[in-house]
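So the structure is just underneath, and the comments pick up after that.
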Amino acid sequence: LSDAGTEACATDATGGAGLRAGRDAGAKSSEPRYDAALADLALELLRIPSVTGGEAAIAEFVHEQCTRRGAGSRRIGNCVVATRTGEAGGPRVGLFGHLDTVPPAADQPCGREDGRLFGCGSSDMKGALAVMLELLARQHRASLVAVFYDREEGPYLDNGLRSLLAAGALGRLDVALALEPTANAIQAGCLGGLHAEVAFAGRRAHSARPWQGENAIYKAHACLGRLAAFAPREVVVGGLSFREVMTATTAVSRGGRNVVPDRFVVNVNYRFAPGKSLEAARAEVADLVAGDGEIAFVDEAPAGDVAHDHPLLAPWRERHDLAVEPKQAWTDVAQLSEAGIPAINFGPGDPAQAHKAGEWVDVSALARSYRLLADLLA
């Protein structure tokens with residue numbers, strides 16, 4: 001890989017503005033050679049648009065890169081599973097990274113400047129994909145299984161990791177790391193989440209004669225009041241404090257501006273702590289609605305177990321004095337937990353940069369992530 005690492009990414013078809021090529025042209029990288037190699041590889045990944053549903057090109061690129069690095073690589077649809085076999089008797093460690101991004105902002109720059117890589121998905125999580133690929137280029141004591149999968153940013157039921165796990169495509173794993181952006185801290189567990197559409201029924205009428213109908217919006221008043229009063233609940237799991245929250249996120253009525261609506265639907269999003277089942281979470285939503293409306297659960301994802309004290313992770317965590325935090329969001333740690341694989345979130349991206357316009361990742365963070373994970377695998 002080139003040591004220059006300073007080209008601007010081409011502007012993609014979405015119209016996102018690139019960094020000025022002239023500003024970067026001919027500049028010398030200030031990072032050590034290996035850090036620059038990671039940056040160059042990450043830039044190649046950033047140049048390939050991969051919005052959810054359009055991952056074919058990046059999947060083929062990753063498959064080719066895995067093969068070039070001497071790893072056994074299988075492309076399964078738009079997912080890639082690559083293996084670098086370690087020493088006999090060593091553990092099998094899985095690293096997981098999704099190939100897709102959210103749609104880029106119209107003004108998203110793409111390129112390299114002042115030790116940072118800019119581009120849609122740079123933090124979440126193409127920088128991490130580059131780290132995974134480079135780790136496949138060398139032998140480790142542990143066997144490394146690198147899993148690159150599609151459709152993570154879309155609905156849970158479409159997530160490419162679900163089909164890989166269901167098909168048994170990964171084999172036995174002793175421990176796994178989802179390389180979600182955590183700023184190289186350990187984020188343990190993850191919240192579960194569900195969306196419930198709560199429909200309130202009324203009777204249609206002309207808005208000039210509202211007494212002739214029943215306003216479905218007003219039928220929701222008591223339930224919305226209970227939702228507004230639902231304060232965040234602290235739940236401690238494995239010594240980490242998670243916050244459970246229940247929130248109304250959308251509201252839609254049926255009819256025109258001069259119609260008393262006969263139907264009003266509120267979307268309720270509940271985020272719940274590790275250790276709580278989906279059945280228990282559904283029951284809590286039903287208790288809050290208290291029969292005032294009809295509930296349809298439209299999207300559900302389980303919580304992820306807390307595993308930062310796993311015997312393969314605890315010594316590594318202590319050796320490097322890694323910060324440990326609760327994951328106050330949902331990640332694929334939940335799917336891995338459900339499959340019986342102990343897993344944590346750990347990646348080089350900055351969580352505050354995920355999905356932002358102007359998204360970036362520090363090259364130094366990629367290098368640190370590489371070295372920490374190489375130490376774990378050793």
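For reference, positions follow the sequence shown, starting with 1. A quick note: this is a predicted structure, and the numbers were derived from the prediction, not measured.
- Between S122 atom OG and L117 atom CG the span is 7.0 Å, to the nearest 0.5 Å.
- Here the CG atom belonging to L129 is positioned 6.0 Å from the CD1 atom belonging to I58, to the nearest 0.5 angstrom.
- Side-chain contact between L99 and K126 is absent, with no heavy atoms from C-beta onward closer than 4.5 Å.
- Listed by chain and number, the residues in a side chain to side chain contact (heavy atoms under 4.5 Å, CB included) with E214 are R203, K219 (sequence neighbours excluded).
- No side-chain donor from either of T249 and N269 sits under 3.5 Å from a side-chain acceptor of the other.
- Remark: Y270 engages F272 in a ring-ring contact (aromatic ring centres under 6.0 Å, His included) (not counting sequence neighbours).
- Taken from CG in D100 to CZ in F148, the straight-line distance is 14.0 Å, to the nearest 0.5 Å.
- Listed by first then second residue, pairs satisfying salt bridge (Lys or Arg N to Asp or Glu O under 4.0 Å) with a partner in residues 343-370 read R116-D362, not counting sequence neighbours.
- Think of L157 as one node in a network of Ile, Leu, Val, Met, Phe, Trp and Tyr side chains linked at under 4.5 Å; its network also takes in Y156, W330.
- Within the hydrophobic cluster formed by Ile, Leu, Val, Met, Phe, Trp and Tyr side chains joined at under 4.5 Å, directly or through other members, V333 stands alone, with no partner residue.
- A continuous path of ILVMFWY side-chain contacts below 4.5 Å connects L136 to L179, so both sit in one hydrophobic cluster.
- Taking 4.5 Å as the limit, every side-chain heavy atom of W360 sits out of range of all side-chain heavy atoms of P109.
- With no hydrogens or angles considered, no side-chain donor-acceptor pair links Q187 and H308 at under 3.5 Å.
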Chi angles and distances behind the side chain to side chain contact (heavy atoms under 4.5 Å, CB included) call for R138, R84: CA-CA 8 Å; R138 60 178 286 188; R84 166 71 75 170; over 6 Å; no
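- Between R112 and D40 there is a side-chain heavy-atom pair separated by less than 4.5 Å.
- Residues meeting the side chain to side chain contact (heavy atoms under 4.5 Å, CB included) test with S143, sequence neighbours left out: T85, R92.
- Heavy atoms from other residues, nucleotides or ligands lying under 6.0 Å from CD of Q212 number more than 12.
- Cluster membership check: V268 shares its hydrophobic cluster with L278, using side-chain heavy-atom separations under 4.5 Å among Ile, Leu, Val, Met, Phe, Trp and Tyr.
- L161 forms part of a hydrophobic cluster together with I76, V81, F96, V145, V147, Y149, L164, L165, L170, L173, L336, I341, judged by ILVMFWY side-chain heavy-atom separations under 4.5 Å.
- Taking the salt bridge (Lys or Arg N to Asp or Glu O under 4.0 Å) definition, one finds that R226 meets it with D292, sequence neighbours left out.
- With H98 as the fixed residue, the side-chain hydrogen bond (donor to acceptor under 3.5 Å, both in side chains) test singles out one of D150, D124, T52, D332: D124.
- Looking only at side-chain heavy atoms (C-beta outward), V361 and Q353 stay at 4.5 Å or farther from each other.
- Contact of the L227 side chain with the M246 side chain is registered, since non-hydrogen atoms from C-beta on lie closer than 4.5 Å.
- In this structure, E44 and F61 have side chains that are in contact, with non-hydrogen atoms separated by less than 4.5 Å.
- Taken to the nearest 0.5 Å, the CG atom of D158 stands 12.0 Å off from the CD atom of E152.
- E325 meets the salt bridge (Lys or Arg N to Asp or Glu O under 4.0 Å) test with no other residue; sequence neighbours excluded.
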Step-by-step side chain to side chain contact (heavy atoms under 4.5 Å, CB included) determination, F242 to V236: CA-CA 6 Å; F242 293 84; V236 177; over 6 Å; no
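- Note: the hydrophobic cluster containing V266 also contains I217 (ILVMFWY, side chain heavy atoms under 4.5 Å, direct or indirect links).
- When all heavy atoms of A354 and P181 are compared, the pair lying nearest together is CB-CG, 4.4 Å.
- Annotation: side chain of V131 is in contact with side chain of L373 (closest heavy-atom distance under 4.5 Å).
- Remark: the backbone N or O of S50 is not paired with any side-chain donor or acceptor of E55 at under 3.5 angstrom.
- Listed by chain and residue number, R254 satisfy the salt bridge (Lys or Arg N to Asp or Glu O under 4.0 Å) test with D262 (two or more places apart in sequence, or in another chain).
- Qualifying salt bridge (Lys or Arg N to Asp or Glu O under 4.0 Å) partners for R172, counting only residues two or more places apart in sequence or in other chains: D174.
- The side-chain heavy atoms of F118 and E113, taken from C-beta on, include a pair separated by under 4.5 Å.
- The heavy-atom pair separating A39 from V363 by the smallest distance is CB-CG2, 3.9 Å.
- Between Q328 and L191, the closest heavy-atom pair is NE2-CD1, 3.2 Å.
- Looking only at atom types and distance, the side chain of S207 has no donor-acceptor partner in the side chain of N258 under 3.5 Å away.
- Under the 4.5 Å side-chain heavy-atom criterion for ILVMFWY residues, no single connected hydrophobic cluster contains both V51 and V102.
- The SG atom of C190 sits 9.0 Å away from atom NZ of K327, with the distance rounded to the nearest 0.5 Å.
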I186 and R317: CA distance, side-chain angles, deciding distance, side chain to side chain contact (heavy atoms under 4.5 Å, CB included) verdict: CA-CA 8 Å; I186 291 173; R317 182 197 80 215; 3.6 Å; yes
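- Among residues at least two apart or in separate chains, salt bridge (Lys or Arg N to Asp or Glu O under 4.0 Å) pairs with a member in residues 227-238 are R233-E244, R233-E284, E234-R243.
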